[in-house]
Amino acid sequence: MAERHPQARTFHSDTFNDPYEWMRGKEDPRTQAYVAAQNDYCDRRMAHLSGLRKTLFEELRDRVKQDDVSVPTRLHGYWYYGRTREGSQYGLQCRVPVRGEDDWEPPKISAGPGEGLPGEEVVFDANAQAEGHDFFSLGTLDLSRDGRYMLYGVDTRGDERYDLHIRDLDEGRDLPDLISSVSSGGIITPDGRWVFYTRMDRAWRPCAVWRHQVGTDAGKDVRVFEEGDEHFWAGVGLSYDEGSVMIATSSKTTSEILILPLTDPTGEFVPFIPRKEGVEYDVNLSRFEGAGQGGRDIPVAVVYHNVGCPNFCVDLIDMRDHRPPYRLGEGVRLAQGSPYGCEGGGQVGEPVDRPYDDPGNPAILRGARGLAIEGVGFHRDFVLLSYRSSGLPHLAVTTKKEALEDFLQGRPWRFRPIEPGQQQGAVYSIGSVDNPSYQAPRLRYAFSSYTHPSQLHELDPATGRDVLLKEAEVLGGFDPERYAERRLWVRVRDGALVPVSLVWRRGMVPGLDADGVYGFDDTVIPSPSPSDLEALGWPGNREEGETRRQGSPLFITGYGAYEVSSDPSFSIARLSLMDRGVLYAVAHVRGGGEMGRAWYEQGRRLHKRRTFEDFVDVTAALQARGWADPMRTVANGGSAGGLLMGAVANMAPQLYAGIEADVPFVDALTSILNPDLPLTVTEWDEWGDPLHDPKAYAYMKSYSPYENVEDASERRRRLGTDHFPTVLVTTSMNDTRVLYVEPLKWVARLQEPSVGADAMIKIEAEAGHAGITGRYRQWEELAYENAFCLSVLRPDGGAAAS
């Protein structure tokens, strides 16, 4: 039990007496002793699951091909690839020389276990670099055009501050240049002479770009840009044509790009388009080769922005006819997203999923639902379009020849969808990967689903020939046909349709198996009314209904913040859950980006509670349908998804038997009120500004999990049961995104006798926001967490199906 030392926090005439704020003193012996005691308590509580943890670890390990090689990717004069060796925590970065200028056929992967390709050069061995460190994270890894100089960043603490090194690969040694304590990004110029990188301020905000001359002391580095507005982050990169250094500055609602041509690397950065509040944009410079007068190139700027298009659009500016400073909206419109439901689209009241039909759009976008444009990539031989529709990512392509014809004729471009057709009934993700070279004649893309391991394809846009380069191998007799996946919709309390993804082992979830419906379908299931819940015997008092079983064990997860989409992906660790009869669900709640910008706007700031209500309503709908049992339902989320976990545990504890909350943002109001804490000011655009806005303060206080934990007597009066889910929390002492003190305080509150919750917390001493590093250690952590979940989901100790 934690000591109580109340500290008053007063804002906007409201006082909150916080009994556990003293834990913010990280070096305080009381805090250190309390952390040690909580870890000891968690170890003792989880000790009985050691056998299950070992089994789950072995199942995961035995399904992974531990000696593996990625498909080589060409960059300038080399083919680069990654390689893993059995028994090694980290991978190797390797390369072999190209066989000639026209060599675009990747070397065949025929090496045996633990072997590389003939002529292999190991350019980076993370195992050697990590030796002697409990934590190791590789940040930037960038190379000069000739492949001689490599810039790399290393974090051995978990606090996301990296030390930059420059390695001479010809001589096999690091140069004396050492640039300490920078953010993860950084570039080395193609000629290998200059490094540009980003430093952080006292609030850990990447805000200043510096220039370093290779071969000189870092003390002589020059600051070339500083972002003074605390709402904005800054980052630095190289343009796709490698002709310019680009600084990107952005808040949650506004962005700006500054450009410096590498013809003068010590010159001044100039905004491409001056910053304007509420305007987000990005730009890429490209060309139509030999299409201009006299066979000259036509230089173009591909501008991605949200002016008049809250779900973004792409304009193509002919740089022959335009001069800086440029204006957003210039040029030819290539594609435009749907305005429905968006704050800036003038059609807030329209349903997000209403079909959008803009006559200027390419034919494949006409009638799309929840249409959001995510970008256009120009290559020498093709143009690639990325977009979202109906809650899923999509890709489309056209040849550069067709693009030029359409551009000159002023008509919609003839993009064709990329649709791998060999997996029927798959709810899939697709995305452009491994395309670093502008000159590559073919494009690569990745495909995966909940039931199908990731595939790497190479497509020739000119001929349509699609080649499967590699499919992730799952050992142990894995058969994707044993598993099923389905995407459907739940109509939640305010009428919105929330997409839900389900995946399970066939024959083990009776209700879903009986339906016989798989893949993407338009089935809508309603969220149950209070009377429906009572008819089902809810709110699920476990003391009265301990022997009752209704539906399958359900593991449900969600995120719902920052416009991040929880897209379909394959997981080997998830197989161990499904083989034990667990129905796995992903609730694509508002606050994420699955259905575009409106989906995000409807779940942030003063609409944040919709994120939590969506998750509760989806859970209740699956249980009311008879597919899931409240007494065997576990919810999971991390970071902002951990805030979701804390909120739903307070709002509807009767629906959940267990909660796993990873690095959870559960003391949100306290953190967002303090502008001196890491990253706080930049977060005001996401959550609201409770420091200066009483309405935002009151709203955040209404849901912030730590401040809304009820005593058991209050739960009983409200719900008719004092049940609260069993809680496992994970956190790290060096996390700079969600400080350890938030989950620590929350668990202390849950463990108070008046609350009566069964809560445990596992605290890593040497780790950051993403947890521990090293693949075997990460597998052990996954086994630990899944063992906890299965102890709640299958208290009968059900064995895995063969």
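Note that the structure is predicted; figures quoted are calculated from it, not measured.
Between Glu59 and Arg61 there is no salt bridge, since no side-chain nitrogen of the basic residue lies less than 4.0 Å from a carboxylate oxygen of the acidic one. Asp567 has a carboxylate O that lies under 4.0 Å from a charged side-chain N of Arg388, or vice versa, which qualifies the two as a salt bridge. Look at Asp159 and Arg161 and you find no salt bridge, because none of the NZ, NE, NH1 or NH2 atoms lies under 4.0 Å from a carboxylate O. Salt-bridge check for Asp579 with Arg505: passed, with a basic side-chain N closer than 4.0 Å to an acidic carboxylate O. Lys762 has no carboxylate O lying under 4.0 Å from a charged side-chain N of Glu785, or vice versa, which leaves the two without a salt bridge. Arg486 has a carboxylate O that lies under 4.0 Å from a charged side-chain N of Asp521, or vice versa, which qualifies the two as a salt bridge.
Side-chain atoms of Ser501 and Arg487 include a donor-acceptor pair closer than 3.5 Å. In summary, the side chains of Gln778 and Thr773 do not present any donor paired with an acceptor at a separation below 3.5 Å, with no hydrogens or angles considered. Side-chain contact, Thr73 with Arg444: a donor N or O sits under 3.5 Å from an acceptor N or O. Inspection of the Thr84 and Asp68 side chains reveals no N or O donor paired with an N or O acceptor under 3.5 Å. Tyr776 and Gln66 form a side-chain donor-acceptor contact under 3.5 Å, judged by distance and modelled atom types alone. Donor-acceptor pairing under 3.5 Å is lacking for the side chains of Ser732 and His769. Checking His133 against Glu131 by side-chain atom types alone, no donor-acceptor pair falls below 3.5 Å. At a cut-off of 3.5 Å, with distance as the only test, no side-chain donor of Glu160 or Ser183 sits close to an acceptor on the other residue. Checked by atom type, the side-chain pair Asn636/Thr557 shows a donor-acceptor distance below 3.5 Å. A side-chain donor from one of Gln751 and Gln38 sits under 3.5 Å from a side-chain acceptor of the other.
Residues His452 and Ser454 have side chains not in contact (no heavy-atom distance under 4.5 Å, counting atoms from C-beta outward). Between Phe520 and Ser390 the shortest side-chain heavy-atom distance falls below 4.5 Å. Looking at heavy atoms from C-beta onward, Arg737 lies out of side-chain contact with Val663 at the 4.5 angstrom threshold.
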Would you sort out whether Tyr445 and Asp466 count as a side-chain hydrogen bond (donor to acceptor under 3.5 Å, both in side chains), showing the intermediate values?
-> CA-CA 10 Å; Tyr445 67 91; Asp466 190 319; 2.4 Å; yes
Taking it one step at a time, do Thr619 and Tyr656 satisfy side-chain hydrogen bond (donor to acceptor under 3.5 Å, both in side chains)?
-> CA-CA 9 Å; Thr619 305; Tyr656 305 97; 2.7 Å; yes
Are Gln93 and Tyr81 close enough, and set up right, to give a side-chain hydrogen bond (donor to acceptor under 3.5 Å, both in side chains), and what steps lead you there?
-> CA-CA 6 Å; Gln93 303 299 319; Tyr81 56 95; over 6 Å; no
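Exactly one residue among Phe570, Tyr450, Phe447 makes a ring-ring contact (aromatic ring centres under 6.0 Å, His included) with Tyr428. That residue is Phe447.
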